[in-house]
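Computed from a prediction, not measured in an experiment: that's the story for all the values here. When a ligand or atom number is given, it counts from 1 through the structure's own listing order.
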Amino acid sequence: MTDFRPLAEGTATAQQAIAPGLHFIATPIGAARDITLRALDLLAGADVLAAEDTRSLRHLMEIHGIALSKRPLVAYHDHNEAEALPRLIRALEEGKSVVYASEAGTPLVSDPGFGLARAVIAAGLPLFAAPGPSAALCALTLSGLPSDRFLFAGFPPSTRTARQSFLAGLAAAEATVILYESPKRVRETLGDLAQSFGGSRRMALCRELTKRFEEVRRGTVEEVLDALGPTDPKGEIVLVIDRASPVTHTAESVQAALDAALQTMSVKDAAAAVAAATGLPRRQVYQMALARGA
Ligand code: SAM
């Protein structure tokens with residue numbers, strides 16, 4: 001059973017002191033109520049707030065009735081790391097609690113935060129994460145594709161040649177592949193996917209998750225591409241693509257496996273071993289083994 005940490009006594013959303021250190025929080029990817037209670041506590045109680053987009057964070061705080069008051073709200077994104085990072089590290093060295101939110105979803109997942117995490121760890125300062133929404137996991141959950149092993153590969157490169165070799169490198173992955181893509185490029189990327197992964201590979205196109213026009217299209221790469229029609233779709237998109245099918249076995253490859261097994265095993269055991277290895281019905285393999293042994 002999960003070892004849940006209880007709320008502070010007598011409070012609905014624990015207004016407890018926030019531990020000094022950097023706290024990454026996840027924010028909604030659409031529906032504002034997808035913020036967690038813990039993220040709200042952190043936003044309400046931290047000494048310093050930092051965000052990829054300070055306006056988005058202020059808006060989210062307004063929705064949830066959290067005042068900024070006199071606390072600093074620092075912008076930290078890919079283009080101002082040189083100035084913002086030392087400022088945040090200084091605050092942490094002074095023993096302050098700092099909360100960081102990227103524009104939407106989980107920081108570091110195709111979003112800023114990695115440089116900050118690395119600097120905090122290198123300085124031996126405390127680092128925490130309050131988990132929550134991420135479009136990648138939301139899409140995987142809805143895709144109907146195997147979720148036992150998945151490979152999140154972020155945004156494919158925007159230039160065609162780089163994208164094609166990026167996708168070719170993923171095509172044989174033994175995992176469900178998750179990609180983020182801009183609506184303007186999604187048709188091109190689906191076309192490239194049809195080439196590298198094959199048009200018959202199963203996939204899901206997940207659009208506007210948790211928002212009003214949420215949509216999930218499931219089918220083969222070709223079917224999803226056809227269904228898009230001539231106009232670019234609107235909104236935010238995650239592509240989830242099935243792994244390559246297991247190797248298909250030919251009559252020759254099964255015979256060869258049987259021949260090898262029959263060298264050391266009885267017909268019955270050889271058939272059982274080859275059936276297990278290939279996934280073919282045991283009875284069918286047994287008939288082949290009998291014919292081979294005759
Ligand atoms: N950090 C975010 C996360 O945890 O999902 C991702 C940020 S990345 C800059 C933005 C991309 O995430 C979008 O271009 C889209 O591919 C995907 N995304 C974000 N929100 C989404 C949503 N509501 N529906 C579908 N895709 C979404």
Only heavy atoms of D111, strictly under 4.0 Å: list the atoms of ligand 1 that pass.
1 (N), 2 (C), 7 (C), 9 (C)
Write out the residue and atom name of the closest protein heavy atom to atom 20 (N) of ligand 1, then the distance separating them to 0.1 Å.
E236 OE1, 3.3 Å
Between L57 and L43, is there a side-chain heavy-atom distance shorter than 4.5 Å?
yes
Using a 3.5 Å cut-off on N or O atoms only, is R207 in polar contact with ligand 1?
no
Note, R58 side chain near L73 side chain (heavy atom, < 4.5 Å)
yes
Measure the distance from atom 15 (C) of ligand 1 to every protein heavy atom, then report the residue, atom name and distance (to 0.1 Å) of the closest one.
I237 O, 3.4 Å
Quick check on T210 - does any of its heavy atoms sit under 4.0 Å from an atom of ligand 1?
no
I want to confirm something. Looking only at heavy atoms, which of Y180, F213, F152 is nearest to atom 12 (O) of ligand 1?
Y180
Spacing of CG belonging to D41 relative to CD1 belonging to I18, to within rounding of 0.5 Å:
6.5 Å
Verify side chain to side chain contact (heavy atoms under 4.5 Å, CB included) between L239 and V224, making sure each step is shown before the conclusion.
CA-CA 10 Å; L239 303 175; V224 170; 5.9 Å; no
With side chains defined as the heavy atoms from C-beta onward, is the minimum distance between F150 and V240 less than 4.5 Å?
no
In this structure, CZ of R185 is separated from CD of E188 (nearest 0.5 Å) by 7.5 Å
Under 4.0 Å from any heavy atom of V109, which atoms of ligand 1 are there?
1 (N), 2 (C), 4 (O), 6 (C), 7 (C)
What protein heavy atom sits nearest atom 26 (N) of ligand 1, and how far off is it?
V238 CG2, 3.3 Å
Purely on distance, is any nitrogen or oxygen of P133 under 3.5 Å from one on ligand 1?
no
Shortest protein heavy-atom distance from atom 22 (C) of ligand 1, along with the residue and atom involved
L209 N, 3.6 Å
Identify the protein heavy atom lying closest to atom 14 (O) of ligand 1, giving its residue, its atom name and the separation to 0.1 Å.
F155 CZ, 3.3 Å
With atoms numbered from 1 as shown, which atoms in ligand 1 lie under 4.0 angstrom from a non-hydrogen atom of G105?
3 (C), 4 (O)
To which protein heavy atom is atom 18 (N) of ligand 1 closest, and what is the distance rounded to 0.1 Å?
A135 CB, 3.4 Å
How many angstroms lie between CZ in R282 and NZ in K268, if you round to the nearest 0.5 Å?
7.5 Å
What atoms of ligand 1 come within less than 4.0 Å of a heavy atom belonging to K211?
23 (N)
May I ask you to identify the nearest protein heavy atom to atom 2 (C) of ligand 1, giving residue, atom name and distance to one decimal place in Å?
A104 O, 3.2 Å
Determine whether a donor-acceptor pair (N or O, by modelled atom type, separation under 3.5 Å) exists between the side chain of Q195 and the backbone of D192.
no
What protein heavy atom is closest to atom 9 (C) of ligand 1, reported as residue, atom name and distance in Å?
S110 O, 3.1 Å
Side chains of T220 and M203: closer than 4.5 Å at any heavy-atom pair?
no
Less than 4.5 Å apart, side chain to side chain, heavy atoms only: is that true for L190 and L193?
yes
Proximity of F128 and F24 rings by center, below 6.0 Å:
no
Going by the 4.0 angstrom heavy-atom rule, the piece of E214 near ligand 1 is neither
Exercise: do E81 and Y76 side chains pair donor with acceptor under 3.5 Å
yes
Is it the side chain, the backbone, both or neither of E181 that has a heavy atom closer than 4.0 Å to ligand 1?
backbone
Heteroatom proximity flag, I29 to ligand 1, N/O under 3.5 Å
yes
Please could you name the atoms of ligand 1 that T106 approaches to less than 4.0 Å, counting only its heavy atoms?
1 (N), 3 (C), 4 (O)
